There are 2 protein chains.
Amino acid sequence: MRPDEAALLEKHGIKPSAQRVAVAEFVLHTDAHPSADEVWSRVRERFPMVSRATVYNTLNLFVEKGLIRQLTLTGGRVVFDPNVEKHHHFIDEETGRIYDVPWEALRVSRVDDIDGFEVHAYQVVLRGKKRSRRRRT
Amino acid sequence: MRPDEAALLEKHGIKPSAQRVAVAEFVLHTDAHPSADEVWSRVRERFPMVSRATVYNTLNLFVEKGLIRQLTLTGGRVVFDPNVEKHHHFIDEETGRIYDVPWEALRVSRVDDIDGFEVHAYQVVLRGKKRSRRRRT
DNA sequence: TCTATCTTTAGACTTAGTCTAAGTAAATGC
DNA sequence: GCATTTACTTAGACTAAGTCTAAAGATAGA
Ligand SMILES: [Mn+2]
Ligand SMILES: [Mn+2]
Ligand SMILES: [Zn+2]
Ligand SMILES: [Zn+2]
């Protein structure tokens, strides 16, 4: 069972229509960094009459209200991320999949010290190969 | 005057057609991180009959041969970068402009130490406001 | 209920990018 | 030098991602 999405939307100043709740139920609980069309196709499985425009509008509204973030990391693709806390990203070069890397896993030094730039935010973008998960015995 | 682009292309195993030289003359000497269509429109100023497909093909060929890099940093836009050395990027949130940040300006610690990921490359992506250049007296 | 506002919808439109089929140009063979 | 093959370029068709529009549907208030 899902937590009450409608209440969460209202808390962020969003009227919880059926379509918006359906989008929220998917996009707020994924760790897959989906594109807008991926969200659309997943939401349509349970809500077949939802329109493409509504999904795009809803995702943009969620970004505006701070429920999710929009990322552009690779291949000119825009994806959405329900993790709005500071964190880094790792891109698997073979699969294209994007993984979260905890903020504390890395430290970047001298960020405030860059001549001529006032830094408001930053993240490290890493690329490589994900090691196959070692199964525990 | 420009250095001899044709020779440079040949050194990278690229036959230097007039169109490719025209693309090289612009894209290898910019620090603006242009999109493919921006390159096309700049190249057409001096070479009005060049086609869109040729510019796209040429840029992709240059990437494949290691003359330039393709970046996806913001707004779902793909841009090209003639600086193929390791460096970081700063994005001005007001103008959208992308600036190079020297590799030595920052240090990222513990990169090799991330559980489950084999890191082949990384960069720091910073966002903020560029300070207006202090004019010298 | 009547009305105003908000939301959703289908489809048109736009932009970025790839693909195709035909035409040019350059290289190779004789 | 001429014929043939190969490489390159071209215009335009096509696709994918995204926005916009105009009409319809839902919600909430008077
Ligand atoms: Mn595309
Ligand atoms: Mn777009
Ligand atoms: Zn993330
Ligand atoms: Zn750069």
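Lettering follows sequence order; numbering is per chain, from 1. Source: prediction; values computed, not measured.
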Engineer: Looking at the side chain of K15(A), which of dT7(C), dT19(D), dC8(D) is the nearest nucleotide?
Structural biologist: dT7(C)
Engineer: By the 4.0 Å heavy-atom rule, please label R77(B) as base, sugar-phosphate, or nothing.
Structural biologist: nothing
Engineer: Could you check which of dT9(C), dA16(C), dG17(C) has an atom nearest any side-chain atom of T54(A)?
Structural biologist: dT9(C)
Engineer: By nearest atom, which of the nucleotides dG17(C), dT8(C), dG18(D) is closest to the R52(A) side chain?
Structural biologist: dG18(D)
Engineer: In terms of side-chain heavy atoms of A53(A), which of dT8(C), dC20(D), dA16(C) is nearest?
Structural biologist: dC20(D)
Engineer: Are any side-chain N or O atoms of T58(B) and backbone N or O atoms of T54(B), one a donor and one an acceptor, separated by less than 3.5 Å?
Structural biologist: yes
Engineer: Looking only at side-chain atoms of V50(B), point me to the closest of dG17(C), dA10(C), dT10(D).
Structural biologist: dT10(D)
Engineer: Please pick, from dT9(D), dA10(C), dT18(C), the nucleotide with the shortest atom-to-atom distance to any side-chain atom of Y56(B).
Structural biologist: dT18(C)
Engineer: For L59(B) and dT18(C), give me the distance from atom CG to atom C1', rounded to whole Å.
Structural biologist: 14 Å
Engineer: With a 4.0 Å cut-off on heavy atoms, is S17(B) in touch with a base, just the backbone sugar-phosphate, or nothing at all?
Structural biologist: sugar-phosphate
Engineer: Please state how far atom CG in L9(B) lies from atom C1' in dA7(D), giving the value in whole angstrom units.
Structural biologist: 16 Å
Engineer: Counting only side-chain heavy atoms from C-beta out, which of dT9(C), dG17(C), dT7(C) sits nearest to N57(A)?
Structural biologist: dT9(C)
Engineer: Taking atom C1' of dC8(D) as reference, at what distance in whole Å does atom CD of Q19(B) sit?
Structural biologist: 8 Å
Engineer: Within the side chain of D92(B), is there an N or O that forms a donor-acceptor pair under 3.5 Å with the backbone of R97(B)?
Structural biologist: no
Engineer: Distance check needed: dT19(D) P versus W40(A) CH2, whole Å only.
Structural biologist: 14 Å
Engineer: Starting from P on dT8(C), measure out to CG on N60(A) and report it in whole angstrom.
Structural biologist: 13 Å
Engineer: To the nearest angstrom, how far is M49(A) atom CE from dG25(D) atom P?
Structural biologist: 14 Å
Engineer: Is the shortest side-chain N to carboxylate O distance from R52(B) to D37(B) below 4.0 Å?
Structural biologist: yes
